[in-house]
Amino acid sequence: MKQNLVVVLSGLLFGLGLGLSQMIDRDRVLGFLDLAGTWDPTLLFVLGGAVGVTLISFRFILRRPHPFLAEKFTLPTRNDIDLPLLLGAVLFGIGWGISGYCPGPGIVSLMLGVWNPLLFLIALFAGSFAYEAYALNRRD
């Protein structure tokens, strides 16, 4: 129960942050990604703030023996860069550049009644399911 409450509150806080920072405004995001046109650098402050908070907070959080509401940390263990990772990153970047949404802002926008990211989210879930099916077949 306590974990579910924290998940809901974290999601609401994250969505509020995306809204306040205007990361759900696809025109602003596309302006940030348009390096060859009229580049809008304002989202650099959002990215810098997120990286700064992460760099500082993770130093303290990862010193703990376990998270507050779980028995252990679940962190990625692989450090290599392989073809599936690069392919996924390229597809993610192309989708972000075409639609102006990445997953968080897309979901928040849809929850606020903005229908623009619907096709993006359908493609996102289809791609996720396709990757899971590919990875499952690769393991067998």
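All values below were derived from every heavy atom in this structure, side-chain atoms included, with hydrogens, water molecules and symmetry-related copies excluded. All residue numbers refer to positions in the sequence shown, counting from 1.
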Peer 1: In terms of hydrophobic clustering (I, L, V, M, F, W, Y; side-chain heavy atoms under 4.5 Å; direct or indirect links), are L16 and V108 co-clustered?
Peer 2: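 No; V108 is not reachable from L16 via cluster members.
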
Peer 1: What distance do L43 atom CG and R28 atom CZ have between them, rounded to the nearest 0.5 Å?
Peer 2: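 Between L43 CG and R28 CZ, I get 6.5 Å after rounding to 0.5 Å.
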
Peer 1: I122 and M111: same hydrophobic cluster, using ILVMFWY side-chain contacts below 4.5 Å?
Peer 2: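 Hydrophobic grouping puts I122 with M111.
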
Peer 1: Could you check F73 against L62 for side chain to side chain contact (heavy atoms under 4.5 Å, CB included), going step by step and ending with a plain yes or no?
Peer 2: CA-CA 8 Å; F73 288 104; L62 294 177; 4.1 Å; yes

Peer 1: For N79, look at atom CG and say whether over 12 heavy atoms of other residues, nucleotides or ligands are found less than 6.0 Å away.
Peer 2: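 Count not over threshold, so no.
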
Peer 1: Working note: I24 + V114, criterion side chain to side chain contact (heavy atoms under 4.5 Å, CB included); need CA distance, chi angles, decisive distance, verdict.
Peer 2: CA-CA 10 Å; I24 60 172; V114 178; over 6 Å; no

Peer 1: Please say yes or no: joined through hydrophobic side-chain contacts below 4.5 Å, possibly via intermediate residues, are L83 and Y134 part of one cluster?
Peer 2: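 They do not share one cluster, since no chain of ILVMFWY contacts under 4.5 Å joins L83 to Y134.
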
Peer 1: Between R26 and S99, is there a donor-acceptor pair closer than 3.5 Å when you use the side chain of the first and the backbone of the second?
Peer 2: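 Confirmed, R26 side chain pairs with S99 backbone.
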
Peer 1: Working to the nearest 0.5 Å, report the span between CG of L69 and CG of N4.
Peer 2: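 The distance works out to 10.5 Å.
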
Peer 1: Kindly check if the number of other-residue, nucleotide or ligand heavy atoms within 6.0 Å of CD1 (I61) is above 12?
Peer 2: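 Atom CD1 in I61 is crowded, with more than 12 foreign heavy atoms closer than 6.0 Å.
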
Peer 1: Keeping the roles fixed (side chain from S21, backbone from L18), state whether a donor-acceptor pair exists under 3.5 Å.
Peer 2: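 Confirmed, S21 side chain pairs with L18 backbone.
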
Peer 1: Please determine whether residues L30 and M23 belong to a single hydrophobic cluster, defined as Ile, Leu, Val, Met, Phe, Trp and Tyr linked transitively by side-chain heavy-atom distances below 4.5 Å.
Peer 2: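 Not linked; separate clusters.
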
Peer 1: Measure the spacing between CG of L87 and OH of Y131 and express it to the nearest 0.5 Å.
Peer 2: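 If I round to the nearest 0.5 Å, the distance is 11.0 Å.
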
Peer 1: If you take all heavy atoms of E71 and H66, which pair is closest and at what distance?
Peer 2: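 Closest approach of E71 to H66, heavy atoms only: O-CB, 3.2 Å.
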
Peer 1: Should we count CD1 of I81 as having more than 12 external heavy atoms under 6.0 Å?
Peer 2: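 Incorrect, the count does not exceed 12.
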
Peer 1: Closest approach of W96 and L33, non-hydrogen atoms and distance?
Peer 2: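 Looking at all heavy atoms of both residues, the closest pair is O-CD1, 3.9 Å.
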
Peer 1: Just by distance, do the side chain of W39 and the backbone of D34 share a donor-acceptor pair under 3.5 Å?
Peer 2: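 Flag not set: sc W39 to bb D34 has no pair under 3.5 Å.
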
Peer 1: Not counting sequence neighbours, list each pair that qualifies as a salt bridge (Lys or Arg N to Asp or Glu O under 4.0 Å) and has a residue in residues 93-106.
Peer 2: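 Counting only pairs at least two positions apart or across chains, no salt bridge (Lys or Arg N to Asp or Glu O under 4.0 Å) contact touches residues 93-106.
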
Peer 1: Within the distance-only criterion (no hydrogens, no angle test), does the side chain of D80 pair as donor or acceptor with the backbone N or O of D82 below 3.5 angstrom?
Peer 2: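 No, D80 side chain to D82 backbone: no donor-acceptor pair under 3.5 Å.
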
Peer 1: Check whether any side-chain heavy atom of S109 lies under 4.5 Å from a side-chain heavy atom of Y101, and answer yes or no.
Peer 2: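 Sidechains of Y101 and S109: in contact.
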
Peer 1: With sequence neighbours left out, which residue pairs that include part of residues 100-113 fulfil the salt bridge (Lys or Arg N to Asp or Glu O under 4.0 Å) condition?
Peer 2: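 Output for this query is empty, none listed.
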
Peer 1: Measure from NZ or CZ of R64 to the centre of the six-membered ring of F68, then state whether that distance is under 6.0 Å and the direction lies within 45° of the axis.
Peer 2: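 Here R64 passes the 6.0 Å and 45° test against F68.
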
Peer 1: Find out whether L47 and F32 are in side-chain contact, i.e. whether some heavy atom of one side chain is under 4.5 Å from a heavy atom of the other.
Peer 2: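 The answer is yes, as the side chains (C-beta and beyond) meet within the 4.5 Å cut-off.
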
Peer 1: Quick check on F92: does its CZ atom have over 12 non-hydrogen neighbours (other residues, nucleotides or ligands) under 6.0 Å away?
Peer 2: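 Counting neighbours around CZ of F92, more than 12 heavy atoms of other residues, nucleotides or ligands fall under 6.0 Å, so yes.
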
Peer 1: From L121 CG over to N116 CG, what is the distance, rounded to the nearest 0.5 angstrom?
Peer 2: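 If I round to the nearest 0.5 Å, the distance is 11.0 Å.
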
Peer 1: Spell out, yes or no, whether I107 and W115 are grouped together once hydrophobic residues are joined by side-chain heavy atoms under 4.5 Å, including indirect joins.
Peer 2: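 Same cluster: I107 reaches W115 through Ile, Leu, Val, Met, Phe, Trp or Tyr contacts under 4.5 Å.
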
Peer 1: Do L13 and L9 touch side chain to side chain, with heavy atoms closer than 4.5 Å?
Peer 2: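 The answer is no, as the side chains (C-beta and beyond) never meet within the 4.5 Å cut-off.
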
